[in-house]
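Counting starts at 1 for both ligands and their atoms, following the listed order. All heavy atoms count here, side chains included; hydrogens, waters and symmetry mates do not. Being a predicted model, the structure only gives us computed values, none of them experimental.
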Amino acid sequence: MTASIPFIDLKAQYARLKPAIAARIQRVLEHGQFILGPEVKELEAALARIAGCREAIGVASGTDALRMVLMAEQIGRGDAVFLPGFTFTATAEVVIAVGATPVFVDVAEASYNLDPAALARAIDDTRRRGALKPRAVMAVDLYGLPADYGALDAVCRAQDLFLFADAAQSFGAHRGNRAVGSLAPVTATSFYPAKPLGAYGDGGALFTDDAARAEILRSIRAHGAGGAQYDIVRLGTNGRLDTLQAAILLAKLEVFADELAARERVAQSYDRRLAGHVTLPPREAGSTSAWAQYGIRVANRDRVAARLKAQGIPTAIHYPLPLHLQPAFRQYGSGEGQLPVSEAVARTILSLPMHPYLDEPTVARIADAVVAATHA
Ligand SMILES: *Cc1c(COP(=O)(O)O)cnc(C)c1O
């Protein structure tokens with residue numbers, strides 16, 4: 001029996017960064033500013049540089065980041081928010097949390113991201129029905145590949161809708177010469193430990209070039225405070241990024257570019273070894289991915305996963321059901337057949353181990369096992 005392979009190896013990264021992380025944490029323990037301490041500001045400046053935008057706002061999680069965007073736009077009861085049917089549940093739950101209604105739209109076969117033509121149809125359809133007011137579009141950069149913001153922006157401008165990005169999986173990626181964080185008017189990301197840039201707990205960030213929006217988001221992050229702490233000018237929440245998490249993220253940022261390059265090398269090696277045997281993950285000319293996941297498609301998915309597991313190779317399914325078929329969200333869709341691409345991807349997708357510390361012999365061992373399992 002060969003050794004088990006971790007799906008995501010946070011220990012290898014920790015071994016590399018241990019002294020830097022310890023020093024960063026120690027400094028916070030000594031200055032004692034656990035809420036919005038200096039590390040939060042320092043991290044925000046560093047994140048804004050990577051994202052190529054003016055403002056970065058550290059928040060408590062990716063989910064909070066998305067919910068706060070909806071609060072800032074005053075989206076609520078009677079409003080429709082359009083989002084892909086194939087994504088993590090947080091994308092939809094925040095829409096319902098603010099009282100608005102999610103409208104699930106199919107993804108494109110070539111990217112697994114929001115299909116701009118399907119989006120335009122869904123908006124027209126919602127207007128025709130008349131029950132809801134189309135207000136916003138939440139694009140998702142699934143597995144780390146940025147959505148087609150040029151096309152989505154054109155649809156949103158024509159229809160007068162607000163476009164924002166759920167970039168929980170794509171921080172560090174690019175589309176053309178622009179980084180995630182500067183592709184949409186507002187972008188939200190997550191620092192959940194398993195994301196490409198992960199904290200040691202929950203965390204997230206918001207990005208925008210719009211100083212007025214940034215001020216509103218900072219106010220919402222701190223209970224809707226105005227100029228003074230107890231001057232409450234709007235409905236807010238407790239949505240702050242912890243100073244300790246900011247300190248840890250600052251240490252991890254030192255190696256982030258290197259880790260993104262390593263993820264790309266792993267993806268290219270998988271691509272080379274698996275081409276012709278399985279459907280490879282989507283790539284787009286001119287875009288880079290943050291490779292939050294490396295998802296292949298295979299017809300006999302469950303059998304392949306079981307064979308890999310028997311050899312100590314873990315896999316995961318992101319995600320087994322599109323959201324319009326989830327029990328909690330079924331009432332917002334029209335059931336099986338509504339989103340054919342989302343449904344087909346959910347039936348066949350399989351995520352292989354992906355992290356920057358996956359060495360070439362391990363990638364080879366995994367790929368060989370996948371090839372053998374698909375032909376068995
Ligand atoms: C992880 C994730 C979120 C939520 O982020 P948290 O920090 O875990 O709250 C939202 N959307 C997508 C697509 C995600 O992958």
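Between F104 and H324, the angle of the ring planes lies from 30° to 60°, which puts this pair in the tilted group. Between Y332 and F329, the two ring planes are tilted [angle within 30° to 60°]. Taking the six-membered ring where the residue is Trp, F171 and F256 present parallel rings, their angle staying beneath 30° rather than reaching 60°.
With hydrogens left out, the protein atom closest to atom 4 (C) of ligand 1 is T63 OG1, 3.5 Å, a heavy atom. Atom 15 (O) of ligand 1 has as its closest protein heavy atom K195 NZ, 2.6 Å.
Short contacts between ligand 1 and S61, defined as distances under 4.0 Å to a heavy atom of the residue, involve ligand atoms 7 (O), 9 (O). For ligand 1, the atoms closer than 4.0 angstrom to any heavy atom of T87 are 13 (C). Distances below 4.0 Å separate heavy atoms of G62 from the following atoms of ligand 1: 5 (O), 6 (P), 7 (O), 9 (O). In summary, the atoms of ligand 1 found under 4.0 Å from a heavy atom of D166, numbered by their order in the structure, are 10 (C), 11 (N), 12 (C), 13 (C). The contact set between ligand 1 and Q169, taken as ligand atoms under 4.0 Å from a residue heavy atom, comprises 13 (C), 14 (C), 15 (O).
Neither the backbone nor the side chain of D202 has a heavy atom within less than 4.0 Å of ligand 1.
Using a cut-off of 4.0 Å between Lys/Arg side-chain N and Asp/Glu carboxylate O, R24 and E254 are scored as not salt-bridged. One finds a salt bridge joining R129 and D125 here, because a Lys/Arg side-chain nitrogen approaches an Asp/Glu carboxylate oxygen to under 4.0 Å.
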Would you check, one step at a time, whether the test salt bridge (Lys or Arg N to Asp or Glu O under 4.0 Å) holds for R265 with E360? CA-CA 9 Å; R265 279 197 301 275; E360 194 54 29; over 6 Å; no
